[in-house]
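To start, the structure itself, in structure tokens.
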Amino acid sequence: MKRIFFISIVCIFVFNLVGCSSAVAKKEKKETLIIAHRGADDRAPEETMPAFRLAVNEKADYIELDLRETKDNKLILMHDPTLDRTTNGKGDVTRYSLKQIKKLDAGSWFGKKYKGQRILTLEELINQYGSKTNYFIETRRVGNELKMEEPLIRLLNKKGLIRAC
């Protein structure tokens, strides 16, 4: 029953976000949508504010992002399950609190110019861009469970980003 409820919520969520955007795209007669993968990850460290800023400023139709959950159940923007590749941290994201993760450098791996960039929470990104852009959000299982979807939907509702067409 829980799975059916979750699938229903996701379907409603996808319909509201994609359905409304599709109506807008058809109205504007766009043939192709531009989805900025992890922001403009070819020119700035992925899933950081500079990468998203570039994507939004260049008028990407959507910014794609990946969610991970911290030890203290905060939603952060991170593709990998570990901190190793894109930060100066080591190990699984789920072993660290948001406070610990916020101390990490998420930019130096990409270039000196981005030294000191911090990992973003989903709420920080939404506070920056609100409804000025569309979000393509990918969630992950946590310990083989679907845990992020309910807090994600609560946050999107709180910020007024889920709406009927």
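When side chains are defined from C-beta on, Thr121 counts as touching Leu98, because their heavy atoms get closer than 4.5 Å. With a 4.5 Å cut-off on side-chain heavy atoms, Leu152 and Ile137 count as touching. Side-chain contact between Asp72 and Ser97 is present, with heavy atoms from C-beta onward closer than 4.5 Å. Proximity of Leu125 to Leu65: side-chain heavy atoms (C-beta onward) are separated by under 4.5 Å at one or more points. Under the 4.5 Å side-chain criterion, counting only non-hydrogen atoms from C-beta, Glu64 is not in contact with His79. Side chains of Arg140 and Leu67 form no contact here, defined as non-hydrogen atoms less than 4.5 Å apart. Pro151 has its side chain within reach of Leu75: a pair of non-hydrogen atoms, C-beta onward, lies under 4.5 Å apart. By the 4.5 Å heavy-atom criterion applied to side chains, Leu77 and Phe52 are counted as neighbours.
For Ala106 against Pro45, the heavy-atom pair with the smallest separation is O-CB, 3.5 Å. When all heavy atoms of Leu54 and Ala44 are compared, the closest pair comes out as CD1-CB, 4.0 Å. Contact detail for Ala60 and Ala36: the closest heavy-atom pair is CB-CB, 3.9 Å. Taking all atoms of both residues into account, the shortest heavy-atom contact from Lys132 to Gln128 is NZ-O, 4.3 Å.
Using a distance-only test at 3.5 Å, with no hydrogens or angles considered, a donor-acceptor pair links the side chain of Asp61 to the main chain of Ile34. Checking side-chain atoms of Asp105 against main-chain N and O of Arg118 turns up no donor-acceptor pair under 3.5 Å. Side-chain atoms of Tyr96 come within 3.5 Å of backbone atoms of Lys90 as a donor-acceptor pair (strictly under, hydrogens ignored). Under the 3.5 Å distance criterion, the side-chain polar atoms of Tyr62 are left unmatched by any main-chain donor or acceptor of Thr133. Judged purely by atom type and a 3.5 angstrom limit, Trp109 has no side-chain atom pairing as donor or acceptor with the backbone of Thr87.
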May I have the step-by-step check of side-chain contact (heavy atoms from CB on, under 4.5 Å) for Asn134 and Ile63, ending in yes or no?
CA-CA 6 Å; Asn134 295 301; Ile63 53 175; over 6 Å; no
Start with the C-alpha distance between Leu161 and Ile126, add both sets of side-chain angles, then the distance that settles side-chain contact (heavy atoms from CB on, under 4.5 Å), and finish with yes or no.
CA-CA 9 Å; Leu161 295 177; Ile126 290 172; 3.6 Å; yes
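Other residues, nucleotides and ligands contribute more than 12 heavy atoms inside 6.0 Å of the NZ atom of Lys102.
For the atom pair Phe110 CZ and Thr48 OG1, the distance stands at 8.5 Å (nearest 0.5 Å). To the nearest 0.5 Å, atom CG of residue Asp41 and atom CZ of residue Arg43 are 9.5 Å apart.
Leu120 and Tyr129 fall within the same hydrophobic cluster, defined by Ile, Leu, Val, Met, Phe, Trp and Tyr side-chain heavy atoms under 4.5 Å apart, directly or through other members. Both Met49 and Leu122 belong to a single network of hydrophobic side chains, linked directly or stepwise wherever heavy atoms of I, L, V, M, F, W or Y lie under 4.5 Å apart. Under the 4.5 Å side-chain contact rule for hydrophobic residues, Met148 and Ile76 do not share a cluster. Leu155 is not connected to Ile101 by any chain of hydrophobic side-chain contacts under 4.5 Å among Ile, Leu, Val, Met, Phe, Trp and Tyr, and they are in different clusters.
Applying the salt bridge (charged side-chain N to carboxylate O under 4.0 Å, His left out) test to Arg38 and every residue at least two apart in sequence or in another chain returns Glu46, Asp66. Listed by chain and number, the residues in a salt bridge (charged side-chain N to carboxylate O under 4.0 Å, His left out) with Glu123 are Lys158, Lys159 (sequence neighbours excluded). Residues passing the salt bridge (charged side-chain N to carboxylate O under 4.0 Å, His left out) test with Glu69, sequence neighbours excluded: Lys147.
A donor-acceptor contact closer than 3.5 angstrom links the side chains of Thr139 and Glu149. Looking at Thr82 and Asp80, their side chains never bring a donor and an acceptor atom within 3.5 Å of each other.
Ion pairing between a basic and an acidic side chain is recognised when a charged N comes within 4.0 Å of a carboxylate O; Arg68 and Glu47 show no such pairing.
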